[in-house]
Amino acid sequence: MAEACQVARKQDLPPPGGYKPIPYKRLPAKQLFSGYTMFAGFLGITAVSSYLYYLTSKKITKQEIEMRSAKMAIYPMLLAERDREFLKQLRKNRDAEAELMRDVPGWEVGTYYGERVYKNLPPDTLVQPIFHEYYAHCNPTDWFQRAYIKLRS
Amino acid sequence: MVLTADIHLPEESELTVEEINLSTATLRAGSFHLGKYCEQANNEFMLCRFEENDPRKCINEGKAVTACSLEFFRKVKKACLAEFNQYTNCIDKIKPLYTFSIIINIVFSCRKTQGVFDKCMLENLNLERPPFGYFCEARVHETKRPKPPVEEKAVYPDATPGLPENAEKHPARFGSRFYWMTE
């Protein structure tokens, strides 16, 4: 025990010449632009991009007008064809209803036992039936395709 | 159904005419010249359709439109088939660009083939491509069809009679007739 105490002890001391100074000084990031330059840059980029946006929007408007022209030119033709097809289908629907309700006593086509839907309109007025009525007598698959696929695509 | 037996619907034989059996690309390729060629029939039909608001009353005008369009495409087939097919093919194969839900770039990406087609149409059929935005302009159309009668305002016999012309008008109670300011 006594021998152990006789080991030469060395005190922990600073290195010769002392410790290095502690680096407490602030080291800010390198400044590439000053504040005024950044404001000027923002304004410049905004101006240039606004001009480019203006040019593009003008171009797109022109394209839209041309596209709309093309559509409007063929619209009467498509509408004429659609009208004929629509009237044919209306007739088919009415015939189908007459056939379906043939055995029901007191049933009149297009009415609820003689009570009209639109009482104040003249009798020969064509009221376009709603979607579900128009597709009432068709295959449900066609109805589904028209309602959920064609109209949304 | 709302279709009663009183409503006159035309027979199927009245409505059956030769339809235009063409694809979208074909119609789009020929649209400008078609609109110019059939302008009279188209205007007549559209005026009738929007004035009458009844498809039954404009069947004959519609048939005229279809006949005119058929005639146009037959003429194109006779005169400029190769150029037209080239242009149609370009429009068909072009990859459309969808911008703001409007398909753009269909008509604009085929300017070269369009130029060839336009030149052929001008030389053979003497049909010029209408200027920019021609079909978007408002137009006035003269027609021989009589104007449909305007629905008159309904007159009710038991309506409350209004004040007579020479009714006495008292001064306003609070100095103003602006009731929302005073009362």
Side-chain angles (χ1 to χ4, degrees), chain A residues 56-57 59-98 100-101 108-112 114-118 120-130 132-134 136-137, chain B residues 1-12 14-17 19-20 27-36 38-39 41-46 49 53-59 61-66 68-70 97 99-100 102-108 130 132-137:
Chain A
T56 315
S57 73
K59 188 178 137 204
I60 286 181
T61 312
K62 278 178 108 174
Q63 291 183 346
E64 280 176 4
I65 288 175
E66 187 163 358
M67 205 65 200
R68 213 181 314 142
S69 285
K71 278 180 189 167
M72 281 174 160
I74 54 172
Y75 180 63
M77 191 197 78
L78 299 176
L79 184 66
E81 191 175 328
R82 174 251 175 212
D83 275 352
R84 284 194 293 270
E85 221 37 60
F86 179 68
L87 289 173
K88 275 184 205 173
Q89 186 61 41
L90 287 188
R91 198 174 181 82
K92 274 184 210 162
N93 281 1
R94 197 170 69 179
D95 293 348
E97 189 188 333
L100 182 71
M101 306 300 280
E108 285 177 38
V109 174
T111 58
Y112 182 68
E115 187 185 343
R116 294 171 60 211
V117 180
Y118 299 100
N120 292 336
L121 291 177
D124 196 24
T125 314
L126 178 70
V127 179
Q128 299 207 354
I130 59 168
H132 292 82
E133 273 186 7
Y134 187 69
H137 301 286
Chain B
M1 285 292 283
V2 291
L3 297 167
T4 58
D6 298 334
I7 295 177
H8 167 71
L9 288 174
E11 297 279 342
E12 189 153 347
E14 291 174 50
L15 297 169
T16 309
V17 290
E19 303 289 359
I20 297 153
L27 291 176
R28 192 140 281 172
S31 60
F32 285 92
H33 292 94
L34 170 69
K36 187 72 191 157
C38 297
E39 194 173 14
N42 284 354
N43 286 352
E44 186 75 39
F45 174 65
M46 291 314 286
R49 193 67 179 68
N53 199 14
D54 190 345
R56 295 173 301 168
K57 290 177 185 163
C58 306
I59 289 168
E61 283 87 347
K63 282 179 185 170
V65 167
T66 307
C68 175
S69 304
L70 266 179
L97 175 77
T99 315
F100 308 118
I102 296 165
I103 309 171
I104 279 183
N105 257 18
I106 283 191
V107 183
F108 326 103
F132 172 75
Y134 182 75
F135 294 107
C136 289
E137 289 167 359

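Being a predicted model, the structure only gives us computed values, none of them experimental. Here is how names work: the chains are called A, B, and so on, in the same order as the sequence lines, proteins then strands, and each is numbered from 1.
Here B/Glu11 contributes atom CD and A/Leu87 contributes atom CG; the two are 12.0 Å apart, rounded to the nearest 0.5 Å. Atom-to-atom distance recorded for A/Glu64:CD and B/Cys136:SG is 10.5 Å, nearest 0.5 angstrom. Rounding to the nearest 0.5 Å places CG of A/Leu78 at 9.0 Å from OG of B/Ser69. From A/Glu108, atom CD reaches atom CG of B/Asp6 across 8.5 Å, with rounding to the nearest 0.5 Å. Between atom CD of residue A/Gln89 and atom CD of residue B/Glu12 there is a gap of 9.5 Å, rounded to the nearest 0.5 Å.
Chain B forms the most heavy-atom pairs under 4.5 Å with one residue out of A/Ala136, A/Pro123, A/Ala98, A/Gly110, and that residue is A/Gly110. Note: B/Thr16 leads B/Ile59, B/Thr16, B/Asn43 in heavy-atom pairs under 4.5 Å with chain A. Options A/Pro76, A/Pro129, A/Ala73 differ in how many heavy-atom pairs under 4.5 Å they form with chain B, and the most are formed by A/Pro76. Between chain B and the options A/Asn93, A/Thr125, A/Leu90, A/Ile130, the largest number of non-hydrogen pairs under 4.5 Å is found for A/Leu90. The candidate from B/Ala5, B/Gly35, B/Ser31 with the greatest count of non-hydrogen atom pairs under 4.5 Å with chain A is B/Ser31. Options B/Ala41, B/Pro130, B/Gly62 differ in how many heavy-atom pairs under 4.5 Å they form with chain A, and the most are formed by B/Gly62.
Pairing each heavy atom of A/Ala80 with each of B/Thr66, the nearest pair is CB-OG1, 4.1 Å.
Heavy atoms of A/Tyr75 lying under 4.5 Å from chain B belong exclusively to its side chain. For A/Glu97, the part sitting under 4.5 Å from any heavy atom of chain B is the side chain, from C-beta outward, and nothing else. For A/Val117, the part lying under 4.5 angstrom from a heavy atom of chain B is the side chain only.
Counted within 6.0 Å of CZ on A/Phe86, heavy atoms from surrounding residues, nucleotides or ligands total more than 12; the atom is thus considered enclosed. Residue B/Phe132 qualifies as enclosed at atom CZ: its count of foreign heavy atoms under 6.0 Å is above 12.
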Start with the C-alpha gap between B/Tyr134 and A/Met72, add the side-chain angles, then the distance that decides, and say whether side-chain contact (heavy atoms from CB on, under 4.5 Å) holds.
-> CA-CA 10 Å; B/Tyr134 182 75; A/Met72 281 174 160; over 6 Å; no
CA sep, side-chain torsions, deciding dist, call: A/Val127, B/Leu3, side-chain contact (heavy atoms from CB on, under 4.5 Å) = CA-CA 8 Å; A/Val127 179; B/Leu3 297 167; over 6 Å; no
Mind running side-chain contact (heavy atoms from CB on, under 4.5 Å) on B/Met46 and A/Leu79 for me, showing each step along the way?
-> CA-CA 9 Å; B/Met46 291 314 286; A/Leu79 184 66; 3.9 Å; yes
Evaluate the side-chain contact (heavy atoms from CB on, under 4.5 Å) criterion for residues A/Met77 and B/Glu19: first the C-alpha distance (whole Å), next the side-chain angles of each, then the deciding distance (0.1 Å), finally the verdict.
-> CA-CA 10 Å; A/Met77 191 197 78; B/Glu19 303 289 359; over 6 Å; no
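No side-chain donor from either of A/Arg94 and B/Thr4 sits under 3.5 Å from a side-chain acceptor of the other.
Note on B/Arg56 versus A/Asp83: no salt bridge recorded, every NZ/NE/NH1/NH2 to OD/OE distance being 4.0 Å or above.
Residues forming a side-chain hydrogen bond (donor to acceptor under 3.5 Å, both in side chains) with A/Arg82 (at least two apart in sequence, or on another chain): none.
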